[in-house]
Amino acid sequence: MASLDTKTRGRTSRGRLRALDAYLCRCERPLLERNEGPWAHAVFVDVGFGEHPWTTLESAQAFRALNPELTVVGVELDAERAAAAQADADARTHFRQGGFELPLRADEPARLVRAMNLLRQGAPERVPEVHRTLAGYLLPSGLLVEGSADATGAVLSAHLLRRASDAAGMPFREGLLFYTDFSHGFAPVLFRDWLPRDLRRRVRPGEPIHDFFAAWSAAWQQARAAGHVRPPDAFREAACGLATRVDGVETDPWLLSHGYVVWRPKGGVCF
Ligand SMILES: C[S@@+](CC[C@H](N)C(=O)[O-])C[C@H]1O[C@@H](n2cnc3c(N)ncnc32)[C@H](O)[C@@H]1O
């Protein structure tokens, strides 16, 4: 079978994935902290860290506030970038050249694999195979996060994919995460260009992701009509309205006040 890896020359910027780090620290704390049995050696893998390993180092710092012993592995397809990142390596922070067939040792299972802003140019049909390949390195109940963000991380969305506890194979499409810092205002349509690769061109009538955005837009318009026009207010009220229209939209106050919508439908995201 042809390699799933496609050479891309994308860049990154400092802080681009900080909001994702904050979400994971808050909502996946047990996953980051657990250290029993095989979890003692379970690593965080940042796939495709980019021209500089900034996002990997920022995540390492954030996650080690919860788990000081955490080993972090940054993986980069581009050999020069992987070599340059060695300057930032230390005993628990490794940078390795490699692709979706992750360069992990047998005694390095993954607890969390992040693949942000890698798939923007690849064929959407290949995404499930990328998910299956990356999830194969996770311990049961480990998490794969794959998605897209704008250049500064002001708008981000991602798949939350969980490795089933009993078997390898396709990970469970547990949910979708949306984040904005409101610097571009807010309307649900803001996310359309920053959806994960396999959903981006599918916001059109007849597609379930279109129905989701139609419900979100209707809730947003209703919120604005009721006087919630400041972007953070409109965002919060629209999310609460969306939760009455669509199953599985979380209304946790911390999430909504920090710009996150998490949609975790019972049975998973089935499209
Ligand atoms: C746009 S940068 C993203 C950097 C960072 N993840 C971020 O979100 O800002 C994409 C990087 O991923 C690398 N890349 C692309 N496909 C890859 C693959 N299959 N495995 C590992 N790295 C890959 C590219 O070489 C590039 O440096």
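Read the numbers this way: they start at 1 and go in the same order the structure lists the ligands and their atoms.
Applying the 4.0 Å criterion to heavy atoms of G98 picks out, from ligand 1, the atoms 20 (N), 21 (C). Listed by number with element, the atoms of ligand 1 under 4.0 Å from a non-hydrogen atom of D5 are 18 (C), 19 (N). The contact set between ligand 1 and R81, taken as ligand atoms under 4.0 Å from a residue heavy atom, comprises 26 (C), 27 (O).
With values rounded to the nearest 0.5 angstrom, Y137 atom OH is found 11.0 Å from F100 atom CZ.
At least one N or O atom of N117, backbone or side chain, sits closer than 3.5 Å to an N or O atom of ligand 1. Backbone and side-chain nitrogen or oxygen atoms of S13 are examined, and none is located within less than 3.5 angstrom of a nitrogen or oxygen of ligand 1. Residue contacts with ligand 1: L118 is placed with no nitrogen or oxygen under 3.5 Å of a nitrogen or oxygen of the ligand (distance criterion only). Residue contacts with ligand 1: E51 is placed with no nitrogen or oxygen under 3.5 Å of a nitrogen or oxygen of the ligand (distance criterion only).
With respect to E129 and R126, no salt bridge is recorded, no charged nitrogen being found less than 4.0 Å from a carboxylate O.
For Y23 and Y179, the gap between ring centers reaches or exceeds 6.0 Å. In this structure, Y260 has its ring center under 6.0 Å from that of W254. A centroid separation of 6.0 Å or more is found between the aromatic rings of F191 and F212.
E76 places a side-chain N or O within 3.5 Å of a backbone atom of G50 that can act as its donor or acceptor partner.
If you look at T12 next to ligand 1, the close heavy atoms, those under 4.0 Å, come from the backbone and the side chain alike. Contacts between M116 and ligand 1 below 4.0 angstrom, taking non-hydrogen atoms only, involve backbone and side chain alike. Looking at L17 against ligand 1, only its side chain comes within 4.0 Å, counting heavy atoms. Residue contacts with ligand 1, taken as heavy atom pairs separated by less than 4.0 Å, involve R11 solely via the backbone atoms N, CA, C and O.
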When the side chains of residues 140-156 are checked against the rest of the protein, which donor-acceptor pairs come out under 3.5 Å, sequence neighbours left out?
unit_1: E146; atom_1: OE1; unit_2: H131; atom_2: NE2; d: 2.8
unit_1: S148; atom_1: OG; unit_2: L195; atom_2: O; d: 3.3
unit_1: D150; atom_1: OD1; unit_2: G153; atom_2: N; d: 2.9
unit_1: D150; atom_1: OD1; unit_2: A154; atom_2: N; d: 2.8
unit_1: D150; atom_1: OD1; unit_2: V155; atom_2: N; d: 3.3
unit_1: D150; atom_1: OD2; unit_2: H184; atom_2: NE2; d: 3.4
unit_1: T152; atom_1: OG1; unit_2: A154; atom_2: N; d: 3.4

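Contact check for L112 versus L32: side-chain heavy atoms found under the 4.5 Å cut-off.
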